[in-house]
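The structure appears below as structure tokens.
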Amino acid sequence: MHNRLLDWYDKNARVLPWRSDPSPYKVWLSEVMLQQTRVETVLPYFDRFLTHLPTLKTLAEARLEEVLVLWEGLGYYSRARNLHKAARIVQSDYAGKLPASAKELVKLPGIGKYTSAAIASIAFGEPVAAVDGNVRRVFARLLALEEPIGTSSLEKTVLDYAQLHLPAKRPGDFNQALMDLGSMVCLPAQPKCPICPVQSFCSAFVQGKQNNLPKVIKKAPTPHYDVCVAVIWHEGKVLLAQRADKGLLAKLWEYPGGKISPADKDQEDGVQREVLRKTGLEITPTRKIGDFKHAYTHFRISVQAWYARLLFSPPVTLPDNLRWVSPGDLSALPMGKVARRISERVNSDFLQAENQ
DNA sequence: AAATCGTGGTA
DNA sequence: TTACCAAGATT
């Protein structure tokens, strides 16, 4: 099976920038970007990131805000914060060289069981099995495992088996071959068994269960929230608020607002109340901008955005988490998807008003 | 152990 | 529209 899979990989492996030059830094960056994220999504981010921060040293010396801007749109922003933190640890504790073993790598922030094994095997040739979602699915079918994905039982079986049967000669390629097989052939739905190089070794296929394995546990339905935010114009600038250091969209910038409460008699009421609560500023909404819908991992929101103006002059000095920003400077602040979409609208409205 | 953390593509 | 999911880590 090793030979079948590696032969298939040699002929069908995708040409990817982190494969043509598997230096530790590039492999590390690619593996972190690829966490829960598709190859096609990562490609442009990977190139742009390396253009701005080509080495581990430049990453360590960069400001966190610059790293977050380069990450903007990729999601799971703690990856960017941990990557940046880990680069600084490597500079100070490992003489600027990424450690070469999975055992050491896993100690760094943002590098867990899978990523440490992937970096160690691909960049350093260490024979450690890298088990990701693809590999779990491939082995669940190869071994016809009946336990659902996500159970500790399935996890242990796959890890033990993958490590026991990992070939010593090309561990990095073998790990990647399993992942490529999972993403190109052994698909979650409608696996392409007719073209699978290891079909004859697959228990699920032999038993005709390939479309029913692996089993998955159904997730709870996601709740929905109504949110309102204000774009407050004052002397040619708009007010942005920085989110908390931890949690959702940590340290990213957004327009102040919050959840609409049942007590609010209308949207205007809600915006006014939430902005006062978040900023201490009293406003009046002037014009509706739009309704921005967005789905996060485990809930969805509708964001009602309003233009607004201040009822009184603002304080001369604002707290650190509040900032007046010119439309032209909005692109320099890291934001999540919703805030960015609102910013694009603000910018186009601003340019249109200027041309009249 | 289970919840949390983004976004875009697809059926 | 909605559900599901994609090279997971952290708490």
Side-chain angles (χ1 to χ4, degrees), chain A residues 13-14 16-19 22 26-46 68 71-83 85-86 105-123 129-138 149-153 155 159 162 172-184 186-190 214-224 243-252 254 292-302 334-341:
Chain A
R14 283 174 290 185
L16 300 168
W18 48 88
R19 285 181 175 169
K26 290 185 181 179
V27 171
W28 176 28
L29 178 64
S30 72
E31 288 302 337
V32 173
M33 284 188 166
L34 286 164
Q35 289 166 6
Q36 301 295 103
T37 311
R38 294 170 195 282
V39 169
E40 311 80 65
T41 303
V42 165
L43 286 171
Y45 281 91
F46 182 80
L68 286 172
W71 208 269
E72 184 181 305
L74 260 187
Y76 287 136
Y77 298 93
S78 66
R79 293 184 294 176
R81 290 186 288 115
N82 284 331
L83 186 74
K85 189 190 294 182
L105 285 163
V106 80
K107 295 177 183 173
L108 294 168
I111 298 182
K113 177 85 175 159
Y114 161 78
T115 304
S116 59
I119 298 171
S121 64
I122 297 169
V131 175
D132 74 329
N134 289 306
V135 177
R136 273 184 207 97
R137 183 173 61 256
V138 168
I149 295 281
T151 60
S152 55
S153 167
E155 185 69 18
L159 265 173
D173 283 348
F174 191 80
N175 281 331
Q176 294 184 86
L178 281 170
M179 292 189 274
D180 268 20
L181 187 74
S183 64
M184 297 161 71
C186 196
L187 305 174
Q190 299 170 333
K215 296 192 189 322
V216 292
I217 300 168
K218 283 185 184 170
K219 289 163 192 164
T222 58
H224 181 278
R243 294 179 60 89
D245 293 349
K246 294 183 176 181
L248 187 74
L249 303 172
K251 294 191 176 177
L252 302 194
E254 66 183 4
F292 299 82
K293 296 183 186 307
H294 190 68
Y296 294 96
T297 306
H298 50 289
F299 65 94
R300 293 176 294 120
I301 58 171
S302 293
M335 298 180 187
K337 185 54 72 177
V338 173
R340 184 56 69 200
R341 278 162 59 198

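Computed from coordinates, the A:Ile149 CD1 to C:dG8 P distance equals 12 Å when rounded to whole Å. Atom CG in A:Leu108 sits about 16 Å away from atom C1' in C:dG8, given to the nearest Å. Atom CZ of A:Arg137 is separated from atom P of C:dC4 by 16 Å (rounded to the nearest Å). Rounded to whole angstrom, the span from the CD atom of A:Glu254 across to the P atom of B:dG6 amounts to 12 Å. Rounded to whole Å, the distance from CG on A:Leu83 to C1' on B:dG6 is 17 Å. If you measure from atom OH of A:Tyr76 to atom C1' of B:dG8, you get 12 Å, rounded to the nearest angstrom. A straight line from CZ of A:Phe299 to P of B:dG6 spans 9 Å, rounded to a whole angstrom. Nucleotide C:dT10 holds its P atom 13 Å from the NZ atom of A:Lys246, rounded to whole Å.
Using a 4.0 Å heavy-atom cutoff across all strands shown, A:Ser183 reaches sugar-phosphate atoms only and no base atom. A:Gly182 comes within contact range of no nucleotide atom at all, as no heavy-atom separation falls under 4.0 Å. As judged by a 4.0 angstrom heavy-atom cut-off over every strand, A:Leu249 is placed among residues touching the sugar-phosphate backbone only. Using a 4.0 Å heavy-atom distance criterion, A:Arg341 is classed as making no nucleic acid contact. Residue A:Ala295 is classed as a base contact, given a heavy-atom separation below 4.0 Å to a base. Among the protein residues, A:Trp18 comes within range of the nucleic acid bases, having at least one heavy atom under 4.0 Å from a base atom. Within 4.0 Å of A:Arg136, counting heavy atoms only, lies no atom of the nucleic acid at all.
An OP1 or OP2 oxygen of B:dG6 is reached within less than 4.0 angstrom by no side-chain nitrogen or oxygen of A:Arg79. The shortest distance between the side-chain N/O atoms of A:His298 and the OP1/OP2 oxygens of B:dC5 is below 4.0 Å. Close to B:dT7, at under 4.0 Å from its OP1 or OP2, lies a side-chain N or O of A:Tyr77.
To the nearest 0.5 Å, the span separating CZ on A:Arg341 from CE on A:Met335 amounts to 14.0 Å. Separating the CG atom in A:Leu34 from the CG atom in A:Leu29 is a distance of 9.0 Å, to the nearest 0.5 Å. Once rounded to the nearest 0.5 Å, the distance linking CD1 of A:Ile111 with CD of A:Glu31 reads 10.0 Å.
When all heavy atoms of A:Val338 and A:His294 are compared, the closest pair comes out as CG2-CB, 3.4 Å.
Here the nucleotide nearest the side chain of A:Lys113, chosen from C:dC5, C:dA9, B:dG6, is C:dA9. The side chain of A:Gln35 approaches C:dA9 more closely than any other nucleotide in the set B:dT7, C:dA6, C:dA9. Comparing atom distances between the A:Tyr296 side chain and each of C:dA7, C:dT10, B:dG6 picks out B:dG6 as nearest. Distances were taken from every side-chain heavy atom of A:Pro109 (C-beta onward) to each of C:dA9, C:dT10, B:dC5; the shortest belongs to C:dT10. For A:Leu34, the listed nucleotide lying nearest its side chain is C:dA7; candidates were C:dA7, C:dA9, B:dG6.
Rounded to whole Å, the separation between the P atoms of C:dA7 and B:dA11 comes to 16 Å. For the C1' atom pair drawn from B:dA1 and C:dT11, the interatomic distance equals 11 Å after rounding to whole Å. Nucleotides C:dT1 and B:dG6 place their P atoms 23 Å apart, quoted to the nearest Å.
Under the side-chain contact (heavy atoms from CB on, under 4.5 Å) test applied with A:Asn134, the options A:Met179, A:Met184, A:Gln176 reduce to a single match, A:Met179.
Residue side chain A:Thr297 reaches the base of B:dG6 through a donor-acceptor N/O pair under 3.5 Å, judged by distance alone. No hydrogens or angles were tested; on distance alone, nothing pairs the side chain of A:Thr37 with the base of B:dG8 as donor and acceptor under 3.5 Å.
Along DNA chain C, the nucleotide nearest to A:Arg300 and the one nearest to A:Leu16 differ in position, and the one closer to the 5' end is contacted by A:Arg300. When the nearest nucleotides of DNA chain B are assigned to A:Gln190 and A:Lys337 by heavy-atom distance, the more 5′-ward of the two goes with A:Lys337. In terms of position along DNA chain B, the nucleotide closest to A:Ser152 lies nearer the 5' end than the nucleotide closest to the other residue of the pair A:Ser152 and A:Arg38.
For A:Phe292, there are no ring-ring contact (aromatic ring centres under 6.0 Å, His included) partners, not counting sequence neighbours.
Ring-centre distance between A:Tyr296 and A:His298: not below the 6.0 Å cut-off.
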